[in-house]
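Not measured: the values here are computed from a predicted model.
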Amino acid sequence: MTEKVIWAVPNTGRHNACHMNSCHMVLHFHGVNIPLPRFIPLSGFGFGFMYLNDGGRILPSASGCPCRDSMSFITEQLGYEYETLAAKDIDSLWLVIKEYIDNGLPLVAGPLPLDLYRQHNPQAPATGFDSFCVISGYDEDRSTVYLSDTFGLCYMQVSRDSLEQGWEVGKRLCPVEIIPSVPFLFVVKGRKKSGYDELEVSRNVLKRACEQVEGKALSDRVSTGLVGQKRFLRDLGNRFNLEERKLPVVASVIRDFVCLIGAQSKFDIAYFLRDYASRIVEAKGRISDLAVLFEREGALFLEALGHFTLTSNIIQAGLESDCYFSRLHEIFSQVVSLEENELRILKEITK
């Protein structure tokens, strides 16, 4: 028999956090039943900020929690053993995939370019960067793997050649400071302790959120948290020192990876905090205050989302855009102020 497929891996929903979406599918397969909008904040995803500007590429993100770290954190917190892998070539990758599938273990895989998903799924976005998925089977004779994407399609067959080409030509959304090498694989190997206390997990998330919101410089080109946000704010003020014709592309990236992801993530966090506050006695008021700040931040990202779309259209039409960039700078200045207040409250309730 040359085909091996794990048919019980569910596609548990759709979210902009593709890596956490994929991790949720795999952990759900292992028995975790936390709803996706709560699961993602419990991973730490959505807290903080990440900003890359290397003089050629500009990539801000409304999440300061790297893919690898957020998957590892939530898996460990929920009491499961895991392994992260980086295959050196397609032959070793193929062997690793087969070994884990043969042992009944699906894998999170990525980042892979969206073109690969669009070949099989019309629901995949027409534009964007790379995305994670779940590999849940293979067919040796056909040299294919079975993928479930985060856009709704399950068990689509993708050739080994397409997989290899995808990783070779992928746009490499994640800088090497975040994911040092691709192909990147993440596998949940099973329970290492019985059960978990979700309130304890919530407390640990908030402790970790302090570090993510505060942030630091990872290198000369990549910063996280408030350090990254303030650099982003400075560069936004001077229009990133780019020629006018390049600004529509930058505006599109900021719209998708700051405004769109940011709005969804901040409202997810507010929901998580309100639920947490309803189940505890200590610091309930301060946690509710924190939820309000994240709701305000989410609303600012929604406002900026419309402004960035408008700004991009104005630039493409060759019209004056100074006032629109000025307003965007004001919006993100308010975001930074909110994050500073969030950090202050996070430190108070976790000390």
Under 3.5 Å, is there a donor-acceptor pair between the side chain of [X] and the main chain of [Y]?
X    : Y    : value
H24  : I40  : no
S148 : N11  : no
D139 : S143 : no
K284 : I280 : yes
Y146 : V134 : no
S162 : V158 : no
D54  : G56  : yes
D130 : G110 : no
D69  : S72  : no

Can you check whether [X] reaches [Y] side chain to side chain, under 4.5 Å on heavy atoms?
X    : Y    : value
Y80  : I74  : no
T150 : S131 : yes
Y138 : K4   : yes
I261 : D256 : no
L85  : Y100 : yes
F29  : V188 : no
V108 : L185 : no
N341 : I345 : no

If you group Ile, Leu, Val, Met, Phe, Trp and Tyr by side-chain heavy-atom gaps below 4.5 Å, do [X] and [Y] land in one group?
X    : Y    : value
V227 : Y51  : no
Y276 : V292 : no
V258 : L302 : no
Y271 : V201 : no
L305 : L59  : no

Between [X] and [Y], what is the shortest heavy-atom contact and its length?
X    : Y    : value
A283 : I349 : CB-CG2, 3.9 Å
Q334 : R327 : NE2-NH1, 3.7 Å
R14  : L36  : N-CD2, 4.1 Å
W94  : T144 : CH2-O, 3.5 Å
Q212 : G44  : NE2-O, 2.9 Å
G137 : I101 : N-CD1, 3.7 Å

Out of curiosity, [X] [atom1] to [Y] [atom2], how far, rounded to the nearest 0.5 Å?
X    : Y    : atom1 : atom2 : answer
F301 : S265 : CZ    : OG    : 8.5 Å
L153 : L147 : CG    : CG    : 9.5 Å
R274 : S278 : CZ    : OG    : 10.5 Å
L346 : L206 : CG    : CG    : 6.0 Å
L42  : Y196 : CG    : OH    : 8.5 Å
S333 : L300 : OG    : CG    : 10.5 Å

Problem - Output field: ring centroids F45/H19 closer than 6.0 Å - result: yes
Handout entry: Criterion side-chain contact (heavy atoms from CB on, under 4.5 Å) on F186 and R68, from CA distance to verdict
Key = CA-CA 8 Å; F186 181 88; R68 176 182 54 188; 6.0 Å; no
Is the number of heavy atoms from other residues, nucleotides or ligands under 6.0 Å of [X] [atom1] greater than 12?
X    : atom1 : value
N238 : CG    : yes
R142 : CZ    : no
R296 : CZ    : no

Practice task
Applying side-chain hydrogen bond (donor to acceptor under 3.5 Å, both in side chains), run through H120 and D149 and close with a yes or a no.
Solution key: CA-CA 10 Å; H120 306 271; D149 64 22; over 6 Å; no
Practice task
Let me see the working for F294 and F47 under ring-ring contact (aromatic ring centres under 6.0 Å, His included), right down to the final yes or no.
Solution key: CA-CA 10 Å; F294 277 104; F47 288 99; 5.6 Å; yes
Strictly below 4.0 Å, N to O, side chains only: are [X] and [Y] in salt-bridge contact?
X    : Y    : answer
R279 : D275 : yes
E211 : K216 : no
E295 : K266 : no
R191 : E81  : no

Handout entry: Whether F232 and F332 hold their rings parallel, tilted or perpendicular, with breakpoints at 30° and 60°
Key = perpendicular
Practice task
Give the ring-plane orientation class for Y155 versus W7, where under 30° counts as parallel, over 60° as perpendicular and anything between as tilted.
Solution key: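 Judged by the thresholds at 30° and 60°, the geometry between Y155 and W7 is tilted.
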Problem - Residues L226, F49; criterion side-chain contact (heavy atoms from CB on, under 4.5 Å); working and verdict - result: CA-CA 7 Å; L226 280 164; F49 196 84; over 6 Å; no
Problem - Within 45° cone and under 6.0 Å: R208 NZ/CZ vs F73 ring - result: yes
Practice task
Under the side-chain contact (heavy atoms from CB on, under 4.5 Å) rule, what do E297 and L293 come out as? Steps first, then yes or no, please.
Solution key: CA-CA 6 Å; E297 191 175 353; L293 294 179; over 6 Å; no
Handout entry: Sole residue of E340, E342, E214 in salt bridge (charged side-chain N to carboxylate O under 4.0 Å, His left out) with K347
Key =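 That would be E214; it is the only one of E340, E342, E214 passing the salt bridge (charged side-chain N to carboxylate O under 4.0 Å, His left out) with K347.
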Handout entry: Residue pair I58, I254: steps toward the side-chain contact (heavy atoms from CB on, under 4.5 Å) verdict
Key = CA-CA 9 Å; I58 294 168; I254 296 172; 5.5 Å; no
Exercise for the section: Please lay out, stage by stage, how D235 and K230 fare under the test salt bridge (charged side-chain N to carboxylate O under 4.0 Å, His left out). Expected result: CA-CA 9 Å; D235 291 348; K230 289 175 180 178; over 6 Å; no
Exercise for the section: Evaluate the criterion salt bridge (charged side-chain N to carboxylate O under 4.0 Å, His left out) for residue pair E348 and R344; output intermediate values, then yes/no. Expected result: CA-CA 6 Å; E348 288 176 6; R344 176 176 51 79; 3.5 Å; yes
